[in-house]
Number of protein chains: 2
Amino acid sequence: MCVTIRDVARKAGVSIATVSYIINDKKQVTPETKKKVLDTIKELNYLPNYNARGLAKQKTNLIGILIPYWNTDQQTGIMFDNPFYSELVRGIERVTSKNNYHLLLVGSNQKPEIIHNLIVQRYLDGLIVIGAYSELLFYLKKTDLPFILVDSYLQDDTVYSVGIDDRYGGYIATKYLLESGHRRIGLLTGELLDNGVYMERFKGYRRALEEKGLRVDDKNIYETETSFRGGYEGVDKLLDQNNSLTGIFSTADIISVGVLKKLKEMEVSVPDDLSLISFDDNPFAEFLYPALTTINQSIIIKGSCAAKLLMDVINNKEIDEKKIKLPVKLIKRDSVRRI
Amino acid sequence: MCVTIRDVARKAGVSIATVSYIINDKKQVTPETKKKVLDTIKELNYLPNYNARGLAKQKTNLIGILIPYWNTDQQTGIMFDNPFYSELVRGIERVTSKNNYHLLLVGSNQKPEIIHNLIVQRYLDGLIVIGAYSELLFYLKKTDLPFILVDSYLQDDTVYSVGIDDRYGGYIATKYLLESGHRRIGLLTGELLDNGVYMERFKGYRRALEEKGLRVDDKNIYETETSFRGGYEGVDKLLDQNNSLTGIFSTADIISVGVLKKLKEMEVSVPDDLSLISFDDNPFAEFLYPALTTINQSIIIKGSCAAKLLMDVINNKEIDEKKIKLPVKLIKRDSVRRI
DNA sequence: AACAAATATTTAAACGTTTAACCAAAAAGG
DNA sequence: CCTTTTTGGTTAAACGTTTAAATATTTGTT
């Protein structure tokens, strides 16, 4: 049905091995045969079949992306941190497509068993894992498959990973609030898991406070769902715990959206009555009212870094840094007031 | 390296053909051999290799998703209608994974040539195309590959597609504004392409007006980029064209975010000074302030419908409707005022 | 000119499946 | 009890590549 290497060989009057060597640039051939073959390839519009190639080479040029779907709202099926993942994928795609790799998409909340099946059945060349959980990591490490962890703080130095400096981000966010004169600073955060980004951001918050000689107070902290709703409902609870707060560090822009909405309903003005600093600098952060003062991270760069790293690992390149930490910076907009 | 069908056959004491027939459920075998083979499969943890299978069967259980990246901001690389696509993919994944298909992700703004390569090199079983352009459609039709168009109004009845009733959505949105007493209704819309959803929404807008005996006035319409910024800058321009508007129909929630922000800066209150109705009912629509009155579409269902349809086409099932139009409904929230 | 060395090309096996065609044994028909 | 049919299983070719090993051709050396 499709044109095969055999067709090319026949038409060019050479053996299929020659054609193969030429397209893989593996052995010397006389310039004339090379030209002849290349011409017929073009003429017949020949494209090597990846299935066959994968079989023969044990290399498929296929890499898997594991994306967590667990943040999906169970009732509505709506994903929360949505924009985040798409951008990440986009960043990944940008470099993989340049290197002739294709992307296979899978939900990473699947059991390791499912992931395992995928890997062996499809002969993946590598994996980019977003939001790994320890059981999955445990499995992957037994494998000899190259993989990159994105945004994971699973304690394992033997493993490649890329992320941002969440702790420093939390630190400068809180510090900015402190420098603006705030002392009673609340933390509205996503789930504080041991290996999660929110824990790191919290640690930054804590450090900033402690540097100022302030103590972290439990009643200034509320843990909520990383979602619009989580922010909407959470800020209420947080304020219940301590209504003398003058500033809030919300550890995700997504949360901040809900916060802003609730505060408007409560007629507390941001930043006049209450300052809000956020994290992520999602595309919409600038377009909220007030525009969010927030910690910027480039998700797309995170994606492309991860992909680049994976390509290097696959190609056995020398890697100088197993763990890449991308920088983070404070974006001052309108949601924080000096007092 | 991996365990193959040969290993299973040897251990079970049968030929590889028998094993193959059993796992494909293709021929009668005695219950005992079946059990014996199935047991060894489990014991050895055998999983058939999709590359080899794809080669032999000319069927890969791989389907491609073409996602448009053209809405990406050229400077920042940030995607606009982001949340939208992720949800769509999620909906697709939900059904394909159940049917043992895997998803290959590609940018659909690629030239048909790239898509072509992908199809023949990977032997895809089918394609879900989001935001097709006519050149691509032209190419795909020459192919005998099953494909489903999502959100496309390319005029072609021979082709499978799923979308929502954009025109009706535009109609009820506008009608609601009319029923609320508005007469000077602006349209702030994404690019009005012949085959695009925004054109359809516009047609709904027009019909509603005409039913009321009102004429569409060019100075009430402004075409802008489908993005936060597009809304932010667009609403200004629209109001410049006609500052006596009492209501605006913004054809995408994404646009509305920017609109809301700009209006707040201009100190025009929504809905007191100006009513706003929107389209999409993105997850955040409810959490803006004011909460958006908008036209709801279930993107995740759109995705799963497309996938289901594709599965049916691939399996040569009888299809009664080539074009699926999902319903749309008005969600009344706080951004429209009766006058 | 003869031989060795280097270079260019081909042959054939392998990758892990599926499946048409074939065969043996058991069941059914007369 | 012999022949036909059915059932259960095997053999071997095919899918489209790669690649080690073998072979043929050219180039270089003496």
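Chain letters run A, B, ... following the sequence lines, proteins first, then strands; residues in each count from 1. Values in this document were obtained by computation on a predicted structure and should not be read as measured data.
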(request) Using heavy atoms to find the nearest nucleotide of DNA chain C for Val29(A) and Ile16(A) separately, return the residue whose nucleotide is more 5′. (result) Val29(A)

(request) When you get a sec, tell me which of dT18(D), dC15(D), dC15(C) is the closest nucleotide to the side chain of Leu55(B)? (result) dC15(D)

(request) Determine: side-chain N/O of Tyr21(B) to OP1/OP2 of dT17(C), distance under 4.0 Å, yes or no. (result) no

(message) Testing the 3.5 Å rule here: is there a donor-acceptor pair between the side chains of Asn100(A) and Tyr50(A)?
(response) yes

(request) Identify which nucleotide among dT18(C), dT9(C), dC15(D) has an atom closest to any side-chain atom of Gln58(B), counting heavy atoms from C-beta outward. (result) dC15(D)

(message) Among dT17(D), dT19(D), dT18(C), which nucleotide has an atom closest to any side-chain atom of Arg53(B)?
(response) dT18(C)

(message) Rounded to whole Å, how long is the line connecting atom CD1 of Ile22(B) with atom P of dT17(C)?
(response) 15 Å

(request) Using a 4.0 Å heavy-atom cut-off across all strands, classify Lys27(B) as base, sugar-phosphate, or nothing. (result) base

(request) Round to a whole Å and report the spacing from CG of Asp25(A) to P of dT18(D). (result) 12 Å

(message) Nearest to the Thr18(B) side chain among dG9(D), dT10(C), dT18(D), which nucleotide is it?
(response) dG9(D)

(request) Report yes or no: is the cationic atom of Lys322(B) (NZ for Lys, CZ for Arg) closer than 6.0 Å to the six-membered ring centre of Tyr160(B), at no more than 45° off its axis? (result) yes

(request) Using only side-chain N and O atoms of Tyr50(B), determine if any of them is under 4.0 Å from OP1 or OP2 of dC15(D). (result) no

(request) Scan Asn24(B) against the nucleic acid and name what it touches under 4.0 Å (heavy atoms): base, sugar-phosphate only, or nothing. (result) sugar-phosphate

(request) Using atom CD of Glu32(A) as one end and atom P of dT26(D) as the other, report the distance to the nearest whole Å. (result) 10 Å

(request) Give a yes/no answer on whether the side chain of Thr33(A) brings an N or O atom under 4.0 Å of OP1 or OP2 in dT9(C). (result) yes

(message) With a 3.5 Å distance limit and no angle check, can you tell me whether Thr60(B) reaches the backbone of Tyr123(B) through a side-chain donor-acceptor pair?
(response) yes

(request) Could you check which of dG16(D), dT11(C), dT9(C) has an atom nearest any side-chain atom of Ala17(A)? (result) dT11(C)

(message) Given His116(A), which partner from the list Ile119(A), Leu118(A), Val120(A) fulfils the side chain to side chain contact (heavy atoms under 4.5 Å, CB included) test?
(response) Val120(A)

(message) With a 3.5 Å distance limit and no angle check, can you tell me whether Asn315(B) reaches the backbone of Lys317(B) through a side-chain donor-acceptor pair?
(response) no

(request) Using only side-chain N and O atoms of Lys57(A), determine if any of them is under 4.0 Å from OP1 or OP2 of dC15(C). (result) no

(request) Taking the side chain as every heavy atom from C-beta outward, state whether Leu310(B) and Pro146(B) have any atom pair closer than 4.5 Å. (result) yes

(request) Starting from C1' on dT19(D), measure out to NZ on Lys59(A) and report it in whole angstrom. (result) 16 Å

(message) Without decimals, in angstroms, what is the distance between Tyr123(B) OH and dT18(C) P?
(response) 16 Å

(request) Whole angstrom is fine here: how far is it from CG in Asn51(A) over to C1' in dC15(C)? (result) 12 Å

(request) Name the closest nucleotide to the Ser15(A) side chain, picking from dT9(C), dT18(C), dT10(C). (result) dT10(C)

(message) Distance check needed: dC15(D) P versus Asp7(A) CG, whole Å only.
(response) 11 Å

(request) Let me know, please, whether Val14(B) or Lys26(A) comes out on the 5' side of the other along DNA chain D by nearest nucleotide. (result) Val14(B)

(message) Side chain of Thr4(B), heavy atoms from C-beta onward: which of dT10(D), dG16(C), dG8(D) has the nearest atom to it?
(response) dG16(C)

(request) Would you mind reading off the distance between Asn61(A) atom CG and dG16(D) atom P, rounded to a whole angstrom? (result) 19 Å

(request) Taking only the side-chain nitrogens and oxygens of Ser20(A), find out if one of them lies under 4.0 Å from OP1 or OP2 of dT18(D). (result) yes

(request) Considering just the side-chain nitrogens and oxygens of Gln28(A), establish if one lies under 4.0 Å of OP1 or OP2 belonging to dT7(C). (result) no

